[in-house]
Amino acid sequence: MLDVAVLISGSGTNLQALIDACADDDFPARIVLVISNNPGVKGLERAEKAGIPTKVINHRDYDSRESFDEQIHEALKESGAKLICLAGFMRILDARFVNRWRNRMLNIHPSLLPSFKGLHTQERALEAGVRFTGCTVHFVNPELDDGPIITQAVIAIDPDDDPDTLAAKVLEKEHIIYPQALKLVAEGRVRVVGNKVTIQGADYSDEDIINPKP
Ligand code: GRF
């Protein structure tokens, strides 16, 4: 059983997908702590409802990124978490923190990385006129939205899509691939070789990984 901490900043629908997956007795991971940098967010409620310990570490209370990150690191150590899942966590973590958790920290991003790193991904995808977009679960490197890719899901863009409809379609896929990626990692099937991931002996076909069914 892999002990996981989830870092959030807001609504926490991805957190909910992970909570739901972990509720299955056969799932190889469990969430031992949820940390939010924002107080009073819906994601904290979701964790409390599931009986998961929560902590608010408000970045506004710290005078440097380093001291904020240090506080998070201490809370994680105390929780016994062996892996971090970033799930809509809107703070950039400094390189020292990221390197301490290298290959032990996952992130979900609402685009097909390496395209459209950063914010406003759906607006930018629509502006660029791409026909397909999607979402990516990856290990976190010190660079923003960068690092070895574990899973991706693709969606076709409709001519009628606006940023909101597109975001909703992508989010639906996020909720499928994040638990899948966590499962693969928790089962020890994911190896990082250089900047690439290889997945060993998984019961998934490439098609399942790229275009997952719920
Ligand atoms: C998701 O789109 C995720 O990809 C991005 O932030 C959003 C978080 O949504 N990193 P939620 O808080 O999980 O609902």
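Just so we're clear, the structure is a prediction, and the values are computed from it rather than from any experiment. Numbering of ligands and ligand atoms starts at 1, following listing order.
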Spatial distance of atom NZ (K169) from atom OG1 (T165) [nearest 0.5 Å]: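 These two atoms lie 5.5 Å from each other.
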
Any pair counted as salt bridge (Lys or Arg N to Asp or Glu O under 4.0 Å), so long as it reaches residues 117-130, sequence neighbours left out: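 Qualifying pairs: K117-D146.
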
Taking non-hydrogen atoms within less than 4.0 Å of ligand 1, which protein residues qualify?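 Close residues (ligand 1, cut-off 4.0 Å): S11, G12, T13, N14, G88, I108, H109, P110, L171, E174.
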
V190-L18 co-clustered via ILVMFWY side chain contacts under 4.5 Å: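 In one cluster with V190: L18, yes.
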
Does anything in residues 18-31 form a side chain to side chain donor-acceptor pair (under 3.5 Å)? List the pairs, not counting sequence neighbours.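 Passing the test, one end in residues 18-31: D3-R30, Q16-D20.
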
Let me know which of H59, R91, R60 forms a side-chain hydrogen bond (donor to acceptor under 3.5 Å, both in side chains) with N37.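 Single pass found, and it is H59.
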
List the residues meeting side-chain contact (heavy atoms from CB on, under 4.5 Å) with L171, not counting sequence neighbours, and say none if there are none.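 Only T13, N14, E174, H175 meet the side-chain contact (heavy atoms from CB on, under 4.5 Å) criterion with L171.
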
